[in-house]
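In the text below, chain A, chain B and the rest are named by the order of the sequence lines, each starting its count at 1.
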Amino acid sequence: MSDFYQKVYATVKKIPKGNVASYGQIATLLGNPMSARSVGWALRAVPDSDIPWHRVVSSSGHLTIAHPDVSAESQKLLLESEGVTVTADNKNKLFKVDMITYQWKLS
DNA sequence: GGTCTGACTAGGT
DNA sequence: AACCTAGCCAGAC
């Protein structure tokens with residue numbers, strides 16, 4: 001397991017319940033603003049369910065998940081269970097959250 | 001060690 | 001507003 005993965009997981013764990021963060025935001029916190037794609041790559045291989053990966057969405061708020069065993073619908077349910085409103089676009093083919101309201105803001 | 005791929009993004013059509 | 005393109009970085013081969 002590379003340091004990069006560890007950093008990503010550690011940062012994702014810090015996202016408060018009921019909030020979401022973008023891939024780019026995570027990357028910025030790691031010190032590499034341009035490595036948003038790599039953040040997604042790390043989340044793809046999340047080792048345990050102890051990590052709130054569902055709180056990470058694209059910068060536009062879309063649930064652009066691509067995982068063999070987990071669907072965007074599962075992510076939607078997880079977010080809603082934390083009080084995050086998830087809207088459905090294009091007849092449930094794509095979900096998204098309101099970043100203005102729910103994006104993780106550092107204090 | 002070069003190439004390809006992708007849970008990304010910002011900017012342009 | 002939906003779609004396309006070009007940069008980015010880390011992993012897999």
**OP:** Assign A:Ser22 to base, sugar-phosphate, or nothing according to its heavy-atom contacts below 4.0 angstrom with the strands shown.
**Re:** sugar-phosphate
Original post:
Taking atom types as modelled, is there a side-chain donor on A:His62 or A:Thr64 under 3.5 Å from an acceptor on the other?
Top reply: no
Subject >> Which residue lies more 5' along DNA chain B, comparing A:Trp41 with A:Gln25 via nearest heavy atoms >> reply: A:Trp41
Subject >> Nearest-nucleotide pick for A:Met34, side chain only, options being C:dA12, B:dA7, C:dC8 >> reply: C:dC8
Original post:
So, is A:Ser58 near the phosphate of B:dA7, with a side-chain N or O under 4.0 Å from OP1 or OP2?
Top reply: no
**OP:** With the side chain counted from C-beta on, respond yes when A:Ser60 and A:Met99 share a heavy-atom pair under 4.5 Å apart, and no when they do not.
**Re:** no
Subject >> Nearest-angstrom distance from the residue atom CD1 of A:Ile15 to C1' of B:dA7 >> reply: 13 Å
Subject >> Side chain proximity check, A:Pro52 to A:Lys13, heavy atoms < 4.5 angstrom >> reply: yes
Original post:
Which nucleotide in the list C:dG11, C:dG7, B:dT9 gets nearest to the side chain of A:Phe4?
Top reply: C:dG11
Original post:
Over how many whole Å does the gap from A:His62 atom NE2 to C:dC3 atom C1' extend?
Top reply: 13 Å
Subject >> C:dG7 base / A:Arg37 side chain donor-acceptor hit below 3.5 Å >> reply: yes
Subject >> Sole candidate of A:Leu79, A:Thr101, A:Asn19, A:Val57 that passes side-chain contact (heavy atoms from CB on, under 4.5 Å) when paired with A:Val84 >> reply: A:Leu79
Original post:
Can you tell me how far P of B:dA7 sits from CG of A:Asp69, to the nearest Å?
Top reply: 14 Å
**OP:** Send over the distance from A:Asn32 CG to C:dG11 C1', rounded to a whole Å.
**Re:** 15 Å
Original post:
Nearest to the side chain of A:Tyr5 - B:dG6, B:dA7, C:dG11?
Top reply: C:dG11
Original post:
Should A:Ser2 be listed as having a side-chain N or O under 4.0 Å from OP1 or OP2 of C:dA10?
Top reply: no
Original post:
Between C:dC9 atom C1' and A:Lys7 atom NZ, what is the distance in whole Å?
Top reply: 13 Å
**OP:** Grab the CG-P distance between A:Leu30 and B:dT9 for me, whole Å please.
**Re:** 13 Å
Original post:
Which whole-number value in Å describes the distance from A:Tyr23 OH to B:dA10 P?
Top reply: 14 Å
**OP:** Can you figure out which of C:dC8, B:dA7, B:dT9 approaches the side chain of A:Ser59 most closely?
**Re:** B:dT9
Subject >> Flag for A:Tyr102-A:Thr85: side-chain donor and acceptor within less than 3.5 Å >> reply: yes
Subject >> Any A:Ser38 side-chain nitrogen or oxygen under 4.0 Å from OP1 or OP2 of C:dG11 >> reply: no
Original post:
What integer distance in Å separates A:Leu78:CG from B:dA7:P?
Top reply: 19 Å
